[in-house]
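The model shown is predicted, which means the values in this text are computed figures rather than measured ones. No hydrogens, no waters, no symmetry mates; every other heavy atom, side chains included, goes into these values.
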Amino acid sequence: MHDLNNSEVQLFLLIGIPELEYAHIWISIPICLMYLVAIIGNCTILFVIRTESSLHEPMYYFLSMLAVSDLGLSLSSLPTMLRIFLFNAMGISPNACFAQEFFIHGFTVMESSVLLIMSLDRFLAIHNPLRYSSILTSNRVVKMGLAMAVRSILLVLPFPFILKRLKYCHKYILSHSYCLHQDTMKLACSDNKVNVIYGFFVALCTMLDLAMIFLSYVLILRTVISIGSLEERLKALNTCVSHICAVLIFYVPIITLAAMHRFAKQKSPLVMILIADAFLLVPPLMNPIVYCVKTRQIREKLLGKCIKICGK
């Protein structure tokens, strides 16, 4: 894979789960099922919203964007995860690795942006329900979606280029089953200061999204407290439960990993890898389930379509 005379590495090695290599073929079964459920679940959400005119509202448009982000995360990590656990094929070329990290980080930033927009949507729906439809028109929703996509692309577009300019000499083993910017840049034998600074900037943007989501919920709570009836308060808060679950599912693994990297003195590689894998596997899997269970309109439309199909 590399010579001892500082020649550049031609392949990176991804890893599965340390000390459980003998069980990779069995671990691949639940992983394949999780990917299958995630892809079917998000495609179902998109299909139901696309075919039901009654769901052509801002809230469901934003949910469609979340489903697209989840599909992107699943499909970006799927090739290397399955190659490792099914066929024990761990090698990946640098260019393929840079391309994968671009898509993974791009859809991660996109999901963070969607969750932020969805929190603003919930605030508008609760704070000013009478003007909600006039403020969030279809035209504005489309513009917000395009702005969010452009932001995601522009933020992560430099990643492959600033990784490609680095030299990789002796180290070639990555820490996960997929490529990440912060993981790949640590293998470089040349100065990676630019990568560190820009990676921190992108992480800061993601954390800024979380801060804005938190602020949105502070404003939502202030609005809910001002509502006179307890029943109406609970009804208003109930519309936020699905989104709160989606935020927790997405951000908890990210914050946990960051805290472990920063503060844990003795880090277990197994725990780190499991949390990192959960970050890409759990949100696409759980978001469709949460929204189908907690959103009555989607649940009813989905059941109606299932009954029609079974009737035929």
Enquirer: Would you say Leu136 and Phe62 make side-chain contact, with heavy atoms under 4.5 Å?
Expert: yes
Enquirer: Okay, side chain of Ser134, backbone of Arg131: is any donor-acceptor separation there less than 3.5 Å?
Expert: yes
Enquirer: With heavy-atom distances below 4.5 Å as the criterion, would you say the side chains of His243 and Ser119 are in contact?
Expert: yes
Enquirer: Looking at Pro58, is its backbone amide N or carbonyl O close enough to the side chain of Asp121 to form a donor-acceptor pair, meaning the two atoms are under 3.5 Å apart?
Expert: no
Enquirer: Measure from the ring center of Phe214 to the ring center of Tyr217 and say whether it is less than 6.0 Å.
Expert: no
Enquirer: Give a yes or no answer on whether the side chain of Asn128 reaches the backbone of Leu124 with a donor-acceptor pair at less than 3.5 Å.
Expert: no
Enquirer: Below 4.0 angstrom, N of the basic side chain to O of the carboxylate: do Lys167 and Asp191 qualify?
Expert: no
Enquirer: Going by heavy atoms in the side chains, are Glu101 and Leu180 under 4.5 Å from each other?
Expert: no
Enquirer: Would you confirm whether Arg83, through its side chain, and Gly91, through its main-chain N or O, come within 3.5 Å as a donor-acceptor pair?
Expert: yes
Enquirer: When you look at Leu163 and His181, which way does the side chain to side chain contact (heavy atoms under 4.5 Å, CB included) test go after all the steps?
Expert: CA-CA 8 Å; Leu163 283 174; His181 173 261; 3.7 Å; yes
Enquirer: Report yes or no: does His127 contribute a side-chain atom to a donor-acceptor pair with the main-chain N or O of Thr223 at less than 3.5 Å?
Expert: no
Enquirer: Contact between Lys294 and Cys245 at the side-chain level, heavy atoms closer than 4.5 Å - yes or no?
Expert: no
Enquirer: Decide yes or no for Ser177 and Asp277: does some side-chain heavy atom of the first lie under 4.5 Å from some side-chain heavy atom of the second?
Expert: yes
Enquirer: If only side-chain N and O atoms count, and only distance matters, is there a donor-acceptor pair under 3.5 Å linking Arg151 with Ser113?
Expert: yes
Enquirer: Could you tell me if the ring centre of His24 sits under 6.0 Å from that of Phe87?
Expert: no
Enquirer: For the rings on Phe12 and Tyr168, is their centre-to-centre separation under 6.0 Å?
Expert: yes
Enquirer: May I ask you to check whether over 12 heavy atoms, not counting those of Arg50, lie within 6.0 Å of atom CZ?
Expert: no
Enquirer: Does any part of the side chain of Ile45, heavy atoms only, come nearer than 4.5 Å to the side chain of Ile298, both counted from C-beta?
Expert: yes
Enquirer: Begin from the C-alpha positions of Leu82 and Cys32 and carry the test side chain to side chain contact (heavy atoms under 4.5 Å, CB included) through to its verdict.
Expert: CA-CA 8 Å; Leu82 292 190; Cys32 287; 3.6 Å; yes
Enquirer: Between Leu187 and Leu166, is a side chain to side chain contact (heavy atoms under 4.5 Å, CB included) present by the stated rule, with each step listed?
Expert: CA-CA 9 Å; Leu187 302 183; Leu166 299 176; over 6 Å; no
Enquirer: Where the side chain of Asp183 meets the backbone of Leu174, is there a donor-acceptor pair that is under 3.5 Å apart?
Expert: no
Enquirer: Can you tell me how far OG of Ser216 sits from CD1 of Ile117, rounded to the nearest 0.5 angstrom?
Expert: 11.0 Å
Enquirer: Are any side-chain N or O atoms of Arg299 and backbone N or O atoms of Val293, one a donor and one an acceptor, separated by less than 3.5 Å?
Expert: yes
Enquirer: Please step through side chain to side chain contact (heavy atoms under 4.5 Å, CB included) for the pair Met272 and Ser175, ending with a clear verdict.
Expert: CA-CA 9 Å; Met272 300 286 285; Ser175 305; over 6 Å; no
Enquirer: Enumerate, atom names and distances included, each donor-acceptor pair closer than 3.5 Å involving a side-chain atom of residues 67-78, sequence neighbours excluded.
Expert:
residue	atom	partner	partner atom	Å
Ser69	OG	Met65	O	3.0
Asp70	OD2	Asn287	ND2	3.0
Ser74	OG	Asp70	O	3.2
Ser76	OG	Gly72	O	2.6
Ser77	OG	Tyr35	OH	2.8
Ser77	OG	Leu73	O	3.1
Ser77	OG	Ser74	O	3.4

Enquirer: Whether the Lys164 and Asn95 side chains hold a donor-acceptor pair (N or O, under 3.5 Å, no angle test) is what I'd like checked.
Expert: yes
Enquirer: Check whether the side chains of Tyr251 and Ser112 place a donor and an acceptor atom closer than 3.5 Å, and report yes or no.
Expert: yes
Enquirer: Measure from the side-chain N and O atoms of Tyr198 to the backbone N and O of Leu155, and report whether any donor-acceptor pair falls under 3.5 Å.
Expert: yes
Enquirer: If only atom types and distance count, is the side chain of Asp209 paired as donor or acceptor with the main-chain N or O of Leu116 below 3.5 Å?
Expert: no
Enquirer: Less than 4.5 Å apart, any side-chain heavy atom of Ile27 and any of Ile31?
Expert: yes
Enquirer: Verify ring-ring contact (aromatic ring centres under 6.0 Å, His included) between Phe161 and Phe98, making sure each step is shown before the conclusion.
Expert: CA-CA 8 Å; Phe161 299 104; Phe98 302 155; 9.9 Å; no
Enquirer: Quick one: are Val114 and Glu111 in side-chain contact, heavy atoms under 4.5 Å?
Expert: no
